[in-house]
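See below for the structure under consideration.
Lettering follows sequence order; numbering is per chain, from 1.
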There are 2 protein chains.
Amino acid sequence: MSNSEFKILLVDDEDDILEFLSYNLRKEEFTVLIAQNGKQAIEVAKREQPHLIVLDVMMPDMDGIETCREIRALSGMKDVLIAFLSARSEDYTQIAGFEVGADDYITKPIKPRVFISRIKALLRRLQSNTPKSETLEFGNIRIDKEKHIVYKGQDEINLPKKEFRLFVLLSSKPGKVFTREYILEQVWGDEVIVGDRTIDVHIRKLREKIGDDYFKTIKGVGYKFEF
Amino acid sequence: MSNSEFKILLVDDEDDILEFLSYNLRKEEFTVLIAQNGKQAIEVAKREQPHLIVLDVMMPDMDGIETCREIRALSGMKDVLIAFLSARSEDYTQIAGFEVGADDYITKPIKPRVFISRIKALLRRLQSNTPKSETLEFGNIRIDKEKHIVYKGQDEINLPKKEFRLFVLLSSKPGKVFTREYILEQVWGDEVIVGDRTIDVHIRKLREKIGDDYFKTIKGVGYKFEF
DNA sequence: TCTCTAAGTTAACTAATTATTAAATAATTA
DNA sequence: TAATTATTTAATAATTAGTTAACTTAGAGA
């Protein structure tokens, strides 16, 4: 998917910021839409169904938070990516922002390179069909990615980084067999070289902590998560 | 409400800038007041209770930041809109300015059209009574963001700037893990480069002051606030 | 059933990350 | 300017995570 296939809606009341941001996004060949206030933003969003909306928190009439709330209320816009722009000192806005479902917070002053890389990071989320919801549920097992906690019934299970990543990977498609090779690539990364037993050990830990029969070995192939 | 009902106080030590700004504001029919230094500004502000004060950051004797602080300390002036004028946009004074409660930052050189639209945007905020918040509560912990004070039961805990910001960030979404990277970005900003241990030290201070078990370490990932 | 290979199990080992200090800078205030 | 307070760093301790190695077990196919 090339950048130009992504529609990004910029919302700010200040012309110079709009210009600055859209210039930088266009340079990267994104498709840029613009709105100068909340009302306009909602209209454009409804009509154009952008992939990502960049909203200034401070705007006259209808501020970013409110605009966000209304956009999220539109049918089909629940999962649109929304990033807020705010001055760092206005950190009070963060609270409201997170409640409304901000996907990112970008602080002013904005540096082009940082801005672009944040935008790209957000859009990457769309592709790697990382489900928007940060929690996964399987029977009485719940994985809260944001909190980095696994719940089994009432119990909170705390997994260290690699175990957590491994679990998230396997559970991302229950029933599917993940090859050792693929697991290594996803959890450990290409650069890292670890022995074969390492995966076993991690699987073992998961079996201990989560439950033996959630993790099935397919000999000669790999592992899968079942529930 | 027509423009003439808005009183705007301009504070700058340079005559030509004062003249230039007031000319443009008067053309829009705003009521313009003028002061040439901080002391005068405070007097006029007290007497006239303007809606908006435009303050040059760089002035002899008492600079804009200091003047702002004193004006905000006057009774009934806590919520007056204050916009700073300064030469460079990347100036470190921006940060100081926002700390003191700047509502906007206008950088020189000033273009009439931009200036006017910024002023109007600010004043529009007066009408759309966006209340500046607020306090957050978690159990017996209360964060008063306006006063910059944290209460734990009866005790007032005074946190320095960075610690306060860090606390506000973490508490903005209890339970959520904030990565070190994100924390750096939000609390310290993109420009500033500080070592990783700096975060640890600040977390430690918070643990000391607020309570050990409110702050949880997720090794390899980040920190979270829990209550 | 035997054999061969992949996977499981441990505990020791190693590496990585965070915690804790105290001391050095920097910023603010008096 | 001195004094105070805040912030950052640097060194090192502590802790936790991750890996390996040696060995055991299990299972598919001859």
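Pairing for dA7(C) goes to dT24(D), judged as Watson-Crick or G-U wobble with the two contacts each under 3.5 Å. Across every strand in view, dT12(D) sits in a pair with dA19(C) that passes the Watson-Crick or G-U test at under 3.5 angstrom.
Between dA6(D), dT20(D), dT8(D), one nucleotide has an atom nearer to the side chain of P160(B) than all others, and that is dA6(D). Here dT7(D) is the nucleotide among dT16(D), dT7(D), dG8(C) with the atom lying nearest to any side-chain atom of H202(B). Residue R197(B) places its side chain closer to dT18(C) than to any other of dT18(C), dA7(C), dG18(D). Picking from dT28(C), dA16(C), dT8(D) the nucleotide with the shortest atom distance to the side chain of K161(B) gives dT28(C). Residue W188(B) places its side chain closer to dT8(D) than to any other of dT10(C), dT8(D), dT17(C).
Under a cutoff of 6.0 Å and an axis angle of 45°, R207(B) and F215(B) do not form a cation-pi pair. Annotation: cation-pi geometry not satisfied between K162(A) and F164(A) (NZ/CZ under 6.0 angstrom from ring centroid, within 45° of ring axis).
For T217(A), a side-chain nitrogen or oxygen approaches OP1 or OP2 of dG8(C) to under 4.0 Å. An OP1 or OP2 oxygen of dG8(C) is reached within less than 4.0 angstrom by a side-chain nitrogen or oxygen of Y223(A). OP1 or OP2 of dT9(D) has at least one side-chain nitrogen or oxygen of T198(B) nearer than 4.0 Å. Residue R180(A) places at least one side-chain N or O under 4.0 Å from the OP1 or OP2 atom of dA7(C).
With rounding to whole Å, I193(B) atom CD1 is found 16 Å from dT7(D) atom C1'. At whole-Å resolution of the value, CD1 in I203(A) and C1' in dT25(D) are 18 Å apart. Whole-Å rounding puts the R204(B) CZ to dT7(D) C1' distance at 15 Å. E208(A) has its CD atom 11 Å from the P atom of dA11(C), to the nearest Å. One atom, CG of D200(A), and another, C1' of dA6(C), lie 9 Å apart when rounded to the nearest Å. Rounded to an integer number of Å, the gap from I183(B) CD1 to dT8(D) P is 14 Å. As a whole-Å value, the separation of L159(B) CG from dT7(D) C1' is 14 Å. In this structure, the CD1 atom of I218(B) is 13 Å from the C1' atom of dA17(D), given to the nearest Å.
Proximity of the aromatic rings of F84(A) and Y105(A) is defined here by a centroid distance below 6.0 angstrom, and this criterion is met.
Rounded to the nearest 0.5 Å, atoms OG (S117(A)) and NZ (K111(A)) are 12.0 Å apart.
Projected onto DNA chain D by closest heavy-atom contact, K162(A) and K205(B) fall at different nucleotides, the more 5' of which corresponds to K205(B).
Among W188(B), Y223(B), F167(B), the one residue that satisfies the ring pair (Phe, Tyr, Trp, His ring centres under 6.0 Å) test with H202(B) is W188(B).
The base of dA26(D) sits within donor-acceptor range of the side chain of K219(A), with an N or O pair under 3.5 Å.
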